[in-house]
Amino acid sequence: MVETTATTQAPDYLGHRKRLRERFLLGGGKDMADYELLELALMMAIPRRDVKPLAKELIRKFGSFSEVISAPDYELTAISGVKENVLTMLKLLHVSSVRASWQTLKATDEPVLNKLDYLIDYCRTSMSFSDIEELHVLFLDGRLRLIKDELMQKGTNNCVAVHPREIIKAALALKAASIIMVHNHPTGNTTPSKNDIENTKNVKAACASVGITLCDHIIIGRNSHYSFSEHYIL
């Protein structure tokens, strides 16, 4: 009788995972494609499966790493393979990105208007990929430093309500001296509508009546922005 010894061969993807981690740690991910960075994150959420096909499918569906982690939950979970662990990981990446951008912006002791690039980067990270319009108000102290970013209203895919009274109420509660209005256009076209212009004038007048300055109203798109202040509309 001939004895045979059963040998268990490790799955191919385990070696691939090791090499991917080594590349990341060596180069900090700078030379890696979006799907490879996404694959690294998915490896933590799905420990025992080849996740490259899922990473590529997510990039194919949404377009980029940023668009994947910013995509709505219902669109992500419609993709086969995106369960609770994966969804949690993707949302964690998005929240981490927004928080890091906010903390970088808030850490400066300079007036926030002197850090316009940081401000636009934060706004784009936090809201440009939303599929509905959102109105945020950034509250500033007397030295034009950030106090808080507050989501004032969620709307539809092409409009959001603006209530000057609620903005003033929040500003007074925070002892804000100035504010910046920010809202997104999911279409990507950041040209202000007639309603945008009218709402801006109404909020500016309401702010002025209680000694608060509306410094700017910024419209955010995925690849561009529109500043009312830069266009001398305020």
Side-chain angles (χ1 to χ4, degrees), residues 33-35 37-39 41-42 45 51 53-103 105 117-138 148-164 166-167 170 179-200 203 216-228:
D34 276 9
Y35 83 86
L37 288 175
L38 190 57
E39 193 179 349
L42 294 176
V51 294
L54 178 56
K56 287 189 171 183
E57 172 62 14
L58 287 166
I59 296 295
R60 184 199 66 77
K61 167 70 175 176
F62 297 104
S64 69
F65 184 91
S66 294
E67 288 172 300
V68 170
I69 66 174
S70 305
D73 292 7
Y74 71 90
E75 289 192 21
L76 288 168
T77 53
I79 303 294
S80 177
V82 178
K83 306 300 181 185
E84 184 178 5
N85 281 358
V86 170
L87 183 64
T88 301
M89 175 58 72
L90 296 176
K91 295 297 98 179
L92 174 61
L93 289 172
H94 180 244
V95 169
S96 299
S97 177
V98 172
R99 181 166 297 190
S101 182
W102 168 257
Q103 290 178 346
L105 181 63
D117 288 347
Y118 288 175
L119 175 60
I120 297 302
D121 181 65
Y122 165 69
C123 293
R124 183 168 290 127
T125 300
S126 63
M127 60 194 299
S128 67
F129 294 107
S130 175
D131 58 354
I132 61 170
E133 290 196 14
E134 299 178 1
L135 172 66
H136 288 242
V137 175
L138 305 180
K148 185 180 181 182
D149 167 14
E150 187 164 328
L151 172 60
M152 300 301 299
Q153 193 75 33
K154 289 187 176 182
T156 65
N157 65 343
N158 62 4
C159 68
V160 62
V162 177
H163 303 294
E166 294 303 313
I167 294 173
I179 66 169
I180 298 173
M181 293 170 60
V182 186
H183 84 280
N184 63 308
H185 279 182
T187 61
N189 180 359
T190 54
T191 302
S193 66
K194 289 182 179 179
N195 280 341
D196 291 335
I197 295 171
E198 188 65 26
N199 287 332
T200 303
V203 171
D216 204 350
H217 182 183
I218 300 171
I219 301 174
I220 293 292
R222 294 191 179 190
N223 300 303
S224 64
H225 73 277
Y226 184 98
S227 163
F228 278 64

Looking at every heavy atom in both [X] and [Y], which two are closest together, and how far apart are they?
X	Y	answer
Ser126	Cys123	OG-O, 3.2 Å
Glu67	Phe129	CG-CE2, 3.1 Å
Val137	Met152	CG2-CG, 3.5 Å
Pro164	Val203	CG-CG2, 4.1 Å
Ser128	Ile220	CB-CG2, 3.7 Å
Ala41	Leu93	CB-CD1, 3.7 Å

Original post:
Of all residues at least two apart in sequence or in a different chain, which pass the salt bridge (charged side-chain N to carboxylate O under 4.0 Å, His left out) check with Glu198?
Top reply: none
Original post:
Is there a side-chain contact between Leu58 and Val82, using heavy atoms and a 4.5 Å cut-off?
Top reply: yes
Subject >> Check: Leu119 and Ile180 side chains under 4.5 Å, non-hydrogen atoms >> reply: yes
Gap separating the [atom1] atom of [X] from the [atom2] atom of [Y], nearest 0.5 angstrom:
X	Y	atom1	atom2	value
His217	Leu135	NE2	CG	6.5 Å
Ile132	Met127	CD1	CE	10.0 Å
Leu87	Ile79	CG	CD1	12.0 Å
Ser96	Lys91	OG	NZ	11.5 Å
Arg124	Ile218	CZ	CD1	10.5 Å
Phe65	Leu90	CZ	CG	8.0 Å

**OP:** Would you please test Ile167 and Val162 for side-chain contact (heavy atoms from CB on, under 4.5 Å) and show each step?
**Re:** CA-CA 9 Å; Ile167 294 173; Val162 177; 4.2 Å; yes
Got a donor-acceptor contact below 3.5 angstrom from the [X] side chain to the [Y] backbone?
X	Y	result
Asn184	Glu134	yes
Ser101	Ser97	no
Arg222	Pro186	no

Subject >> Check: Ser227/Asp216 side-chain N/O donor and acceptor closer than 3.5 Å >> reply: yes
Original post:
Gln153 pairs by side chain to side chain contact (heavy atoms under 4.5 Å, CB included) with which of His183, His163, Glu166?
Top reply: His163
Original post:
For Tyr226, what residues pass the ring-ring contact (aromatic ring centres under 6.0 Å, His included) criterion, not counting sequence neighbours?
Top reply: Phe228, His231
Check: residues 69-77 side-chain donor-acceptor pairs under 3.5 Å, at least two apart:
| from | atom 1 | to | atom 2 | distance (Å) |
| --- | --- | --- | --- | --- |
| Ser70 | OG | Ser66 | O | 2.8 |
| Tyr74 | OH | Asp131 | OD2 | 2.9 |
| Thr77 | OG1 | Asp73 | O | 3.0 |
| Thr77 | OG1 | Tyr74 | O | 3.4 |

Original post:
In this structure, which one of Thr191, Asp196, Asn158 forms a side-chain hydrogen bond (donor to acceptor under 3.5 Å, both in side chains) with His185?
Top reply: Asp196
